[in-house]
There are 2 protein chains.
Amino acid sequence: MTNSQGISELVINRLPRYHRFLGELLSKGVQRISSRELSEKMGLTASQIRQDLNCFGGFGQQGYGYHIEQLRNEIGNILGLNKSNRAILIGAGNLGRAIASHMNFEGKGFRLIGIFDKKEALKGQIIKGLPIRHIDDLDEFCRENLPVCAILCIPQNDAYEICNALIHLGVKGFWNFSHYDLAVNHPEIAVENVHLGDSLMKLSYKIKND
Amino acid sequence: MTNSQGISELVINRLPRYHRFLGELLSKGVQRISSRELSEKMGLTASQIRQDLNCFGGFGQQGYGYHIEQLRNEIGNILGLNKSNRAILIGAGNLGRAIASHMNFEGKGFRLIGIFDKKEALKGQIIKGLPIRHIDDLDEFCRENLPVCAILCIPQNDAYEICNALIHLGVKGFWNFSHYDLAVNHPEIAVENVHLGDSLMKLSYKIKND
DNA sequence: TCCTCTTTGTTAAAAAATAATCAAATATAT
DNA sequence: ATATATTTGATTATTTTTTAACAAAGAGGA
């Protein structure tokens, strides 16, 4: 499966991992690396690394390899990590709060600007410096602050409706933790489903069949 | 890539999603479905559904389709969801607590039996009916209770050491939320890495390139 | 009961992804 | 300055995955 730029989804899936490994190397003071060395560290083939990177440009140099800092920056640019997309969190339950507190949005292309929940009781509580707002204020807040991304930590039943409303309010991307399988028709809307339950089931399979 | 049973990883990845969709249909009172109908709902081809299922057996019937409840049970059995693998959570920070509270382990093949953290201050606090124990008690607890699975919600730097210790204590599977890329050599150890940061970066790419 | 229509499981074809190969470019050592 | 070692980016081959096609089985209606 390929996206609008003709880049395979599988290639995109690997980019964050490259970024992560290059960051680790950098923090260890390593400055350059060959595709062969990196392939050994990451458990894939050198050929694949070179192919993946050459989808976006020739970042290496014959006889030398890749300059780690430069390559990492290139990958960061491809992923858009330098951006600061305004993001709002919908649902301040256990998971929502954990995502807000735990995730490092800056450096991954996002900035959290608002948190919403339908429970009146949570209103005003502060998380990561942001007050929880009531979901009724979502509309007004969006018109004023124009968030680009919404993080959905809400029950399955609420997801469809909220998602639709947010699309009309201009939200372009969804990080969806709800049990609902967000399948937006609009090709200009980006969705990243995180189904933790599916992941756990896969682990169950692997444990069972090892 | 295929696992020890010769089943492609990609097929396994799709099984939980089938299970989920069949569950939704069932809860709506639908009893039977054809691969064509299901393919339309799920946004893939009928051919793929039939191929996927036939990796494990012929669960359908010509001219009729699939009996939803029966098929869902079959998939559940394949995934091992009927099991009750003893699981422990390491790391009771924001994310760990959210996972413990939010996840429905029963029905996904697991049962949470212990929670550990290195912070003395958290000791004794109750989450989902389980007291947080100090990490120093991990060894003894494991010898007595023989957990099969560990959920790692710990910092990157601690992951490698803890993981190794747990393997020696008989843990067979890891649900890894740490930033560390758990790459266990032992083929009999199952690992499911959940890199939320990677997922967020992918969303950044998609938003940027839509 | 018989006929038609549906739908599976399987086989074959097509497409996509991965891995191997290699000429050209560059680093590094002598 | 030259020769040798590396290592990339691109091309080609291989493998894997997905899609299409179709015969055989069964459902459902006349």
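Since the model is a prediction, treat every value here as computed from it, not as a measurement. Every chain is numbered from 1 and lettered A, B, ... according to where its sequence line falls, protein lines coming before strand lines.
Under a 3.5 Å cut-off, the side chain of A:Ser204 and the backbone N or O of B:Leu79 do form a donor-acceptor pair. Side-chain N or O atoms of B:Asn145 include one that pairs as donor or acceptor with a backbone N or O of B:Phe141 at under 3.5 Å. Put simply, the side chain of A:Arg72 never gets that close to the backbone of A:Leu22: no donor and acceptor are under 3.5 Å apart.
The shortest side-chain heavy-atom distance between B:Asp181 and A:Arg20 falls under the 4.5 Å cut-off. B:Lys202 is listed as a side-chain neighbour of A:Pro16, based on a closest heavy-atom distance under 4.5 Å.
With D:dC22, D:dT18, D:dG9 as the candidates, the nucleotide lying closest to the side chain of B:Arg50 is D:dC22. Residue A:Arg32 has its side chain nearest to C:dT28 when only D:dA20, C:dT28, C:dA19 are considered. Of the candidates D:dT19, C:dA27, C:dG9, C:dG9 carries the atom nearest the B:Tyr66 side chain, counting heavy atoms from C-beta on. Closest to the A:Ser8 side chain, of the nucleotides D:dT19, C:dA17, D:dA21, is C:dA17.
To the nearest 0.5 Å, atoms CG (B:Leu182) and CD (B:Gln156) are separated by 11.0 Å.
A:Ser34 comes within 4.0 angstrom of the backbone, heavy atoms only, and of no base.
If you take CZ of A:Arg36 and C1' of D:dT6, they are 9 Å apart, rounded to a whole angstrom. Look at NE2 on B:His67: it is 18 Å from P on D:dG26, rounded to the nearest Å. Separating the CD1 atom of A:Ile49 from the P atom of D:dT7 is a distance of 13 Å, rounded to the nearest angstrom. Put simply, CG on A:Asn54 is 8 Å from C1' on D:dT8, counting in whole angstrom units. We find that CG of B:Asp52 is positioned 14 Å from P of C:dT10, with the value rounded to whole Å. The nearest whole Å value for the distance from the CG atom in B:Leu10 to the C1' atom in D:dT16 is 9 Å. The interatomic distance linking B:Leu44 (CG) with D:dT19 (C1') rounds to 12 Å, in whole Å. When the C1' atom of C:dA16 is taken as reference, atom CD of B:Glu9 falls 18 Å away, rounded to whole Å.
Comparing A:Tyr64 and A:Val11 by the nucleotide of DNA chain C whose heavy atom lies nearest to each, the residue mapping closer to the 5' end is A:Val11. For the pair A:Gln48 and A:Gly63, both in contact range of DNA chain C, the more 5′-proximal nearest nucleotide belongs to A:Gln48.
In this structure, D:dA5 shows a glycosidic angle within 90 degrees of zero, which is the syn conformation.
A donor N or O paired with an acceptor N or O is not found under 3.5 Å between the base of C:dT8 and the side-chain atoms of B:Gln51. Not a single donor-acceptor pair, N or O on each side, falls under 3.5 Å between the base of D:dT7 and the side chain of A:Gln62. Side-chain atoms of A:Thr45 and base atoms of C:dA19 include no donor and acceptor less than 3.5 Å apart.
Close to D:dA27, at under 4.0 Å from its OP1 or OP2, lies a side-chain N or O of B:Gln61. Close to C:dT8, at under 4.0 Å from its OP1 or OP2, lies a side-chain N or O of B:Ser35.
Within the shown strands, nothing qualifies as a pairing partner of D:dA5 under the Watson-Crick or G-U definition with both distances less than 3.5 Å.
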